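Not measured: the values here are computed from a predicted model. Values below: every heavy atom of this structure, side chains too, minus hydrogens, waters and symmetry copies.
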Amino acid sequence: EELFQRIINGANQKRSVRLRELALPGTHHSLITEVHGWGKIISSLAVCQAVSIKEQFAVGVRFFHLAIGDDTEPGVPYAKHCFPAKPIHR
């Protein structure tokens, strides 16, 4: 609790922070919440996250690993995990 209070009290003060003092919560393959067309076993192994980016952000995630490609349909971006996983909707 003391550390938490120090963070809150110092949030509006400018100071130098060493990288080793930072905590940057992040997720691996942040967009991969579902995989289509690769069979049940492969799909279950490829899914990395159970919740959306919005939900990840809401619980404190601040670093997102986004692997994007358009090799399935040129011009249509896909979230990737070694192979196309799902289209990205705007």
Side-chain angles (χ1 to χ4, degrees):
E1 189 173 325
E2 182 181 311
L3 176 60
F4 178 75
Q5 195 58 48
R6 281 187 15 224
I7 292 169
I8 296 301
N9 292 340
N12 294 326
Q13 298 176 5
K14 289 185 179 182
R15 70 181 190 97
S16 295
V17 178
R18 294 176 188 257
L19 184 58
R20 67 176 181 242
E21 296 175 311
L22 294 176
L24 300 172
T27 52
H28 173 71
H29 283 299
S30 306
L31 289 171
I32 308 300
T33 57
E34 57 187 277
V35 177
H36 300 285
W38 290 92
K40 195 172 192 173
I41 293 173
I42 292 175
S43 295
S44 67
L45 295 173
V47 171
C48 295
Q49 304 304 325
V51 297
S52 70
I53 291 277
K54 184 177 180 180
E55 292 168 294
Q56 291 173 50
F57 186 81
V59 297
V61 174
R62 294 299 181 263
F63 178 82
F64 299 95
H65 172 218
L66 307 175
I68 310 295
D70 72 347
D71 53 341
T72 302
E73 292 181 51
V76 177
Y78 274 79
K80 294 187 71 156
H81 186 286
C82 301
F83 48 83
K86 68 177 185 178
I88 298 171
H89 303 287
R90 295 176 190 195

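- With sequence neighbours excluded, the residues satisfying side-chain contact (heavy atoms from CB on, under 4.5 Å) with R18 are R20, E21.
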Open item on the list: Pair I68, L31 - check side chain to side chain contact (heavy atoms under 4.5 Å, CB included), show working.
Closed with: CA-CA 9 Å; I68 310 295; L31 289 171; 3.7 Å; yes
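- The NE2 atom of H28 lies 6.0 Å from the NE2 atom of H65; values are rounded to the nearest 0.5 Å.
- Residues forming a side-chain contact (heavy atoms from CB on, under 4.5 Å) with F64 (at least two apart in sequence, or on another chain): T27, S30, I53, Q56, F57, V61, L66.
- With rounding to the nearest 0.5 Å, the separation of CG in L22 from CZ in R62 is 14.0 Å.
- Of all heavy-atom pairs between P25 and G60, the closest is CG-O, 3.3 Å.
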